[in-house]
Q: 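A single structure is presented below for examination.
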Amino acid sequence: MSFTFQKASPTAAVVRIGKALDFRNAAEFKAACQEHARQGVRYYVLDFSGTGILDSTGLGVIFSLYRQLTPAGGQVVFASVSRPVQVVVQLTRTYKVFRQFPTVEAALQAHTTSAPQAQIPQRPTGAA
């Protein structure tokens with residue numbers, strides 16, 4: 001398995017994708033995500049920091065996970081997106097569906113401190 005799961009909380013997990021998410025490991029990735037979803041994970045942070053390949057099959061399983069989670073209030077976000085993955089995200093306009101964060105920590109922080117509409121930057125308290 002080229003990816004690893006790390007539970008950040010009972011309902012959140014960080015998935016370090018590894019070198020590739022493609023036709024060779026997409027089914028395994030999907031099965032692992034579904035198992036974690038059965039255990040209550042509803043917020044997935046996909047860490048693409050070391051990923052050089054994301055093909056249509058890999059993107060398809062990410063969308064499958066998204067379709068499974070969103071009706072239950074879940075979310076899939078991207079973090080530390082590598083240059084090769086960013087090219088795929090731009091070409092497929094995936095950025096319109098999945099929020100992107102510069103780091104895993106930023107993605108987890110956004111989850112713990114905000115509601116789903118918190119994509120709008122918040123002003124500091126007392127700011128005019």
Side-chain angles (χ1 to χ4, degrees):
M1 171 165 43
S2 65
F3 45 87
T4 59
F5 282 81
Q6 173 189 352
K7 273 201 151 178
S9 76
T11 61
V14 175
V15 186
R16 302 200 192 287
I17 300 300
K19 293 183 181 185
L21 180 55
D22 60 12
F23 69 95
R24 295 171 291 190
N25 62 356
E28 186 180 4
F29 174 81
K30 183 176 183 177
C33 287
Q34 288 175 338
E35 178 58 33
H36 281 83
R38 279 192 288 279
Q39 295 172 14
V41 174
R42 294 289 176 263
Y43 186 76
Y44 287 80
V45 177
L46 305 184
D47 177 2
F48 289 105
S49 59
T51 308
I53 300 170
L54 176 63
D55 73 0
S56 60
T57 307
L59 203 52
V61 297
I62 293 170
F63 271 100
S64 176
L65 178 63
Y66 167 80
R67 285 189 303 272
Q68 176 186 353
L69 294 174
T70 51
Q75 201 173 12
V76 178
V77 300
F78 292 4
S80 302
V81 179
S82 65
R83 183 72 186 133
V85 172
Q86 188 62 40
V87 169
V88 172
V89 165
Q90 292 297 318
L91 288 173
T92 60
R93 297 182 183 212
T94 306
Y95 59 85
K96 292 184 176 189
V97 178
F98 301 103
R99 289 182 67 191
Q100 292 187 53
F101 293 91
T103 65
V104 169
E105 293 76 20
L108 291 172
Q109 180 69 26
H111 174 62
T112 59
T113 62
S114 62
Q117 76 270 17
Q119 295 177 4
I120 302 167
Q122 301 295 316
R123 284 192 208 174
T125 306

Q: Calculate, to the nearest 0.5 Å, the distance between atoms CZ and CZ belonging to F3 and F29 respectively.
A: 6.5 Å

Q: Sequence neighbours left out, what passes side chain to side chain donor-acceptor pair (under 3.5 Å) with T92? Give chain and number order.
A: T94

Q: Using the benzene-type ring in the case of Trp, are the ring centres of F48 and F78 under 6.0 Å apart?
A: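 Distance test on ring centres: under 6.0 Å, yes.
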
Q: Mind checking whether V77 and F101 have side chains closer than 4.5 Å, heavy atoms only?
A: yes

Q: Could you grab the distance from atom CG of L21 to atom OG of S2, nearest 0.5 Å is fine?
A: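 If I round to the nearest 0.5 Å, the distance is 7.0 Å.
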
Q: What I want to check is whether the side chains of T57 and D22 have a donor and an acceptor closer together than 3.5 Å.
A: no

Q: Is the backbone N or O of G60 less than 3.5 Å from a side-chain atom of S64, with the two atoms forming a donor-acceptor pair by type?
A: no

Q: Any side-chain to backbone donor/acceptor pair from N25 onto E28? Under 3.5 Å, distance only.
A: no

Q: Looking only at side-chain N and O atoms, does E35 offer a donor or acceptor that is under 3.5 Å from a partner on Q39?
A: yes

Q: Between H36 and A32 (side chain of the first, backbone of the second, donor and acceptor by atom type, cut-off under 3.5 Å), is there such a pair?
A: yes

Q: Does F23 offer a backbone N or O that forms a donor-acceptor pair with the side chain of D55 under 3.5 Å?
A: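 A pair under 3.5 Å: yes.
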
Q: Looking at residues at least two apart in the chain, or sitting in another chain, which of them share a side chain to side chain donor-acceptor pair (under 3.5 Å) with S9?
A: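 Partners of S9 under the side chain to side chain donor-acceptor pair (under 3.5 Å) test: none.
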
Q: Taking it one step at a time, do L69 and R42 satisfy side-chain contact (heavy atoms from CB on, under 4.5 Å)?
A: CA-CA 6 Å; L69 294 174; R42 294 289 176 263; 4.2 Å; yes

Q: Does atom CZ of R83 have more than 12 heavy-atom neighbours from other groups under 6.0 Å away?
A: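 Counting other residues, nucleotides and ligands, CZ of R83 stays at 12 neighbours or fewer.
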
Q: Set out, in order, the CA-CA distance, both residues' side-chain angles and the distance that settles side-chain contact (heavy atoms from CB on, under 4.5 Å) for V88 and L59, then state yes or no.
A: CA-CA 9 Å; V88 172; L59 203 52; 4.2 Å; yes

Q: Verify the cluster assignment for V14 and I62: are they in a single hydrophobic cluster under the rule of side-chain heavy atoms below 4.5 Å apart?
A: no

Q: Is it the case that one hydrophobic cluster holds both V76 and L54, taking links as side-chain heavy atoms less than 4.5 Å apart, direct or via other members?
A: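 Same cluster.
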
Q: Between the side chain of S82 and the main-chain N/O of T51, is any donor-acceptor distance below 3.5 Å?
A: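 Present.
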
Q: Over 60° means perpendicular and under 30° means parallel, so classify the ring planes of H111 and Y43, tilted if in between.
A: parallel

Q: Do V97 and V45 belong to the same hydrophobic cluster, where Ile, Leu, Val, Met, Phe, Trp and Tyr are linked whenever their side-chain heavy atoms lie under 4.5 Å apart, directly or via other members?
A: no

Q: Would you tell me whether R16 and Q6 have side-chain atoms, one donor and one acceptor, within less than 3.5 Å of each other?
A: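 Yes, Q6 and R16 have a side-chain donor paired with an acceptor closer than 3.5 Å.
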
Q: Could you state the interatomic distance from CG (L46) to CD (Q100), rounded to the nearest 0.5 Å?
A: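 Result: 11.0 Å between the selected atoms.
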
Q: So does A37 get a backbone contact from the side chain of Y44, meaning a donor-acceptor N/O pair under 3.5 Å?
A: yes

Q: Let's go through V41 and K7 carefully: what are the C-alpha distance in whole Å and the side-chain angles of both, what is the deciding distance for side-chain contact (heavy atoms from CB on, under 4.5 Å) to 0.1 Å, and is it a yes or a no?
A: CA-CA 8 Å; V41 174; K7 273 201 151 178; 3.5 Å; yes

Q: Of all the heavy-atom pairs spanning A8 and L108, show the shortest one and how long it is.
A: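 For A8 versus L108, the nearest heavy atoms are CB-CD2, 3.7 Å.
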
